[in-house]
Structures are given as C-alpha cells and as structure tokens.
Q: 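Handing you this structure, nothing more for now.
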Amino acid sequence: MHALPAPSPALVRLFLAAALGATAAFAAEPETFTIKTLPAQMRYDVTELMITPGAQVKIIFENQDQMPHNMCFFQPGTDVVAVSNQMMEKPEEALKRNWLPEDPRMWMHSKMVNPEEKEELVFKAPDKPGEYPYVCTFPGHATSMQGRLKVFAPGPQLTDLKFQLYLGDWKKLPDFSTLQPQREGEIADGLIQLKFDDYKNQFAVVYTGKLNAPKEAEYTFAIASDDGTRLLIDDKKVVEHDGIHPSTEIREGKVKLKAGEHVFRLEYFQAAGGAEVFASWKGADFSPTPLSKWVHPQWKSGAKAKKKVEHVGMPLVVAKEPIVYRNFIAGAGNRGIAVGYPGGMSIAWNAEQMNLVLLWRGAFFDAARHWTDRGGGAQPPLGYDLLRPAPEPAPPFARLAAADTEWPKLDKSQRAEGYQWKGYQLDALRFPTFLYTWEGVQVADRFDVEGDAVAGSGQLIRTLKLTGQIPPEAFFRVAAGSSIQPSDSGFAIEGGKFGIDGREYQNSFEVAVEGARIAGQNLVVPARPEIKITYTWPGAHAGHARKP
C-alpha cells in the first residue's frame, strides 16, 4: 500500500481559505423580505423596512398587478418623484432604458418586472445610516408607489440589569410590592433571560435596569411571553399581556421619552407548561433591538409592520371608454366632475364655474375614500403632472372693453353669474360634452384626446361651440399664469406652483389656440362660434389619434 503524498503548503492554504469562505458565507445568510405590489393601486404592500448598516439583505419583489413595476433605490434626501418625472422630458430615451432614470443617486434597481412575475435582489446594505427611498419609476407611479429602506444601527442595550425571583402559583401578575423575593442577583450580559433550572413552573421574575434614550422622541416597546408580562418605563406602564397564554402574540406600546437614562422594569410570571419571555425596543434613529436572550420567531429585526394606507383600494381604471366621476374632488371646488380619458389623460370640470379647473396624466382616480366609512372628504387625483389653467376660480367668458382689461373674479360662492348649467351629454363612446348658457348663448364644451400622455405623447383637445347671438367685446380666457410666452406650438404657460393634498405641482404647460393674444397674465381669445384649444404637457408631442 502506497502512502499518499503530503499536500503542498499552497494547497493547504487554498483549502483553508475555501473552508473559511464557506463558513463566512453561511454566517452571512441574508435577511429576507418579500415586497408585493397591490393590484390596481400603484402601491407596494410594504412601505418601510429597517435593517442594520452593512447587513446582507434579500428582497423578493413580487408583481401581483396587471401592469409592469420596478423598484429603484436612491440616496437619502432624493426627490424620487422629481427624478421619475424628469424622464418625461425625453420620453423616447427613457423608454429605451425601460424607464430607468439616469441619475447618480440611484444605487440599486430591479428590472421592470412584468405582471405575475418576480425578481430577487440580493445586496449588502449601505454602511452609512439613513433613510434610502425606493420607488417605481414607471411613468406616473412615483407619487404613490414608494417606500423607505431605513438603515440604522441597533439601539442601546440594558445596563445595570438585575432580577428578583418570586415563588407562587398565580393566574395573573401579582402585586410584587407585597412579596418577598426568593433570591435576586445581577445579569452580566444585560439580556433578559430565564436561567432558573431549579424552577420550571410557578414562579415570577421582576427585571430592572436602565435604558438610555438617544434623544427626546417616541419609542416603541414590544413584548411576548408565556405566561403574563408587563413592561414599565419610569414606573409607567407601556405595554402589558397579562394572564395565562402562549407566546404566539407580540404586543407593542409607545412612549415619549426625554433624552437620557430611564428606569426599565419588566414583570413576568410562569404558571405551567412553556416558559418564554421576549422584549425589544426601537426608535426613529435605530433599528429594532432585542432586550432579551430569547427572540420571538415572528419578530424580524429589520421589518416594520405593513403600513395601512387609508382610503386606497378602489382605483377607477380607464380602458377604451372614458369614465365620468362625480364626487368631492380635491382642487376642483364644489360640484367638480372628473373625466378619465383613454391615453392616460384626465380632467376636472366645475359645474359652478362652468370651466375646466384641472388636467393631469397617469392614473385617474381612487374611489375608496367615498366608499369607506361615511364617504366624507375630497379625494385628490391619482396621477401626476397636475395642471391648473387658471390660478383662481373665474368664469370662462367675459365682456371686456379691451383684451387687457382685468379678468372678473368670482364671489365667495364661486358661482359664475349669468350662467346656467344644463348638464352634460354622452356620445356613443361615452365622451361627455358639458352644456351651459351664457347671456343667451348656448355653449357646448367637449374634450378629445390624441396620443398617450404616459408614454410621452399626448394632447387634450378642447372644442367649445357657441350657438346664438354672441355679445360684442366677448372674450374667452384660455389660461392664466405668471409667465406666458409664445412658443413653436403656441404659448408656453408658467402657471405657478400649487399644492393639493400635500403634493406640489410645477404647473407648466403649452397651449395652442388660433387668434389668442397675451393680455397681461392672461391668454385670451375673442369669442366666436367655435374655439379649439390644445393642451400639451412639456416635452409631449402629438401621437396617434384617439378621437371618437
């Protein structure tokens, strides 16, 4: 029998390196999270994750919607909506990149995941603490489809941790002030634990220690136990789960603490059977941190519970025909009527002002607010690039001595005097025409669409038809703004920023109308039997017709 040759030193080093590498890989098993899209809602089901700096992470991104979505991660402080909308300035180039922004602040992204598909993202968390936004950059989705990856180190641990052990048979937590401890001592590693091998049942423990709050803020404490538990900070109860029960449920409580040291107290009793106790805390600037040696199997150090989004979940999806929605519409005044058109374009028309008040592109409307509870409150549009043709409520027509005469304003009731609302009519393809009279003139106000606004091409074409004797010196106000300049396609309007429901819009658009003139901060046109106006978003161009 021949002896095998001894391995060379180089081979030994290679083997050891491989073994150590395998051990490190095993030790660095990534923490896994699943994020799904909410069907027809343009939202992720998890909008907040919390992990520690440098951690290995795996995100399973599942698209359960019927349209494509992605996940793009950006540096802290990035205006993800602005980054996403900026792509619409050169939509043809963005389409070639599959709607991925060219922005150095984007440090990771998924592909554009098709409906009913998924993708796994495995990565090392940033080393720098902060809130890293993630967003879907498909056109029109960024305003609602976003979340935060919170990268924070663990928080402070308990110090000066002590225990007092009591013996007795209880069905709920006793009054410890009336009892004498059987024994007491210190816990060197600062973690709550059950190290009482001589007592399996019928005992209780009080743990006391100190916790240092990094700053004045609200902190969340979590407990789970078999059997009862109560957690107190500075002798005030924060969270409790008393009685005999298994440790299947995690309960949370919040408390506002000043910066500095606070007295921690956890009371626990064990009746019979299983014996387990868990506690943790988390703050705005540190990740959830366990305060016990045993960690509940359902507790994740990184994941925060799914955020409940109120009044979301009944999106009105426009297909081949327009959708007319009459309800309380944010930014549209009283008696607003919203219309979603094919091609990703929508309007809000007001039946008191007899005028167009809002235009937008992207998603149309979510009706959930008006179907939930008592249905109160005004719902904002779902889409993006909201436009407001005029900064204040005003009637569409006026008799002026000169075109540059100041345009009349509405009174507090915002009702246009001299106008009478006649409703609206739907044609065979459900395109509405709004009807009203002004000084004996019958007015029909209709909108058609061309192209696809989400894809970067799209126009709203408005046609007003006047029947009857038009008054002399009558003008129609097309738009108003702080800046109105002639452009290649008509007029470029800077209407001034405005906000609706906490979101701010630039309000820049282009208008084409024959015979229009600039009159101060107004764009007006003499009233005539037919007035045709084209509204275009910046960077958009005419596409395929979608007219009935």
Side-chain angles (χ1 to χ4, degrees), residues 331-337 347-359 387-422 424 433-447 460-487 489-498 507-536:
N334 299 322
R335 299 182 71 183
I337 304 171
I347 68 165
W349 203 91
N350 186 277
E352 286 183 322
Q353 302 172 30
M354 308 296 167
N355 212 348
L356 173 70
V357 289
L358 293 174
L359 304 85
L387 306 178
R388 188 170 62 177
E392 76 286 335
F397 292 95
R399 299 176 65 173
L400 305 177
D404 57 357
T405 303
E406 183 179 0
W407 199 262
K409 294 181 174 60
L410 298 182
D411 59 19
K412 293 182 179 180
S413 69
Q414 295 189 358
R415 291 181 178 271
E417 296 295 332
Y419 292 78
Q420 188 173 6
W421 168 237
K422 296 294 184 179
Y424 61 87
T433 299
F434 302 99
L435 306 172
Y436 60 92
T437 62
W438 172 64
E439 294 198 13
V441 178
Q442 298 177 14
V443 182
D445 194 354
R446 176 192 172 90
F447 295 81
L460 271 165
I461 302 171
R462 182 182 189 183
T463 304
L464 295 102
K465 292 187 176 181
L466 282 63
T467 304
Q469 186 65 41
I470 300 174
E473 301 175 340
F475 289 87
F476 176 81
R477 186 168 76 162
V478 178
S482 57
S483 173
I484 303 176
Q485 300 294 332
S487 67
S489 58
F491 298 88
I493 314 293
E494 293 292 336
K497 294 181 180 180
F498 70 99
N507 202 26
S508 301
F509 56 100
E510 294 186 2
V511 171
V513 55
E514 183 180 351
R517 65 186 76 170
I518 300 173
Q521 293 189 334
N522 295 315
L523 182 67
V524 300
V525 63
R528 53 178 182 260
E530 181 173 293
I531 304 172
K532 194 170 187 177
I533 308 164
T534 301
Y535 299 91
T536 309

Q: CG of N507 to NZ of K497: how many Å apart, nearest 0.5 Å?
A: 11.5 Å
Q: In Å, rounded to the nearest 0.5 Å, how long is the span from CD of E406 to CD of Q521?
A: 10.0 Å
Q: Return the minimal non-hydrogen interatomic distance between A516 and L523, and the atom names on each side.
A: CB-CD1, 3.9 Å
Q: Just verifying a value: how many Å separate R388 CZ and I493 CD1, rounded to the nearest 0.5 Å?
A: 14.0 Å
Q: I'd like to know whether V511 forms a side-chain contact (heavy atoms from CB on, under 4.5 Å) with Y535, so could you lay out the CA-CA distance, the side-chain angles of the two residues, the decisive distance to 0.1 Å, and finally the verdict.
A: CA-CA 5 Å; V511 171; Y535 299 91; 3.9 Å; yes
Q: Just say parallel, tilted or perpendicular for the rings of F434 and W349, cut-offs at 30° and 60°.
A: parallel
Q: Testing the basics here: between P391 and A480, what is the closest heavy-atom pair and its distance to 0.1 Å?
A: CD-CB, 3.7 Å
Q: Tell me the closest heavy-atom pair linking N355 and A394, and the distance in Å.
A: ND2-O, 3.6 Å
Q: Show, in sequence, the C-alpha distance, side-chain angles and deciding distance for E473 and L400, and conclude whether the side-chain contact (heavy atoms from CB on, under 4.5 Å) test is met.
A: CA-CA 6 Å; E473 301 175 340; L400 305 177; 5.8 Å; no
Q: Given side chains that start at C-beta, do those of L356 and D445 come closer than 4.5 Å, heavy atoms only?
A: no
Q: Does the side chain of F475 reach to within under 4.5 Å of the side chain of N522, using non-hydrogen atoms?
A: no
Q: Taking all heavy atoms of P396 and all of Y436, pick out the closest pair and write down the distance.
A: CG-OH, 3.7 Å
Q: Within a radius of less than 6.0 Å around CD of E530, do more than 12 heavy atoms belonging to other residues, nucleotides or ligands occur?
A: yes
Q: Can V524 and W407 be said to form a side-chain contact (heavy atoms from CB on, under 4.5 Å), step by step?
A: CA-CA 10 Å; V524 300; W407 199 262; 4.0 Å; yes
Q: Would you give the length of the straight line joining atom CD1 of I347 to atom CD1 of I337, rounded to the nearest 0.5 angstrom?
A: 9.0 Å
Q: Compare all side-chain heavy atoms of V441 with those of F397 and state whether any distance is below 4.5 angstrom.
A: no
Q: Does some side-chain heavy atom of R528 sit less than 4.5 Å from a side-chain heavy atom of L466?
A: no
Q: Hey, could you give me the CD/CD1 distance between E494 and I484, rounded to the nearest 0.5 Å?
A: 10.5 Å
Q: Rounded to the nearest 0.5 Å, how far does CH2 of W438 lie from CZ of R399?
A: 6.5 Å
Q: Give me the atom names and distance for the closest heavy-atom approach of G496 to S482.
A: N-OG, 4.4 Å
Q: Does a side-chain heavy-atom distance below 4.5 Å link L435 with Q442?
A: no
Q: Any non-hydrogen side-chain atom of Y419 less than 4.5 Å from a side-chain atom of T437?
A: no
Q: Can you find a heavy atom in the side chain of I518 that is under 4.5 Å from one in the side chain of P486?
A: yes
Q: State, to 0.1 Å, how close T463 and K532 come at their nearest heavy-atom pair, and which atoms those are.
A: OG1-CG, 4.0 Å
Q: Could you tell me whether the side chain of P526 reaches within less than 4.5 Å of the side chain of R517, counting heavy atoms only?
A: yes
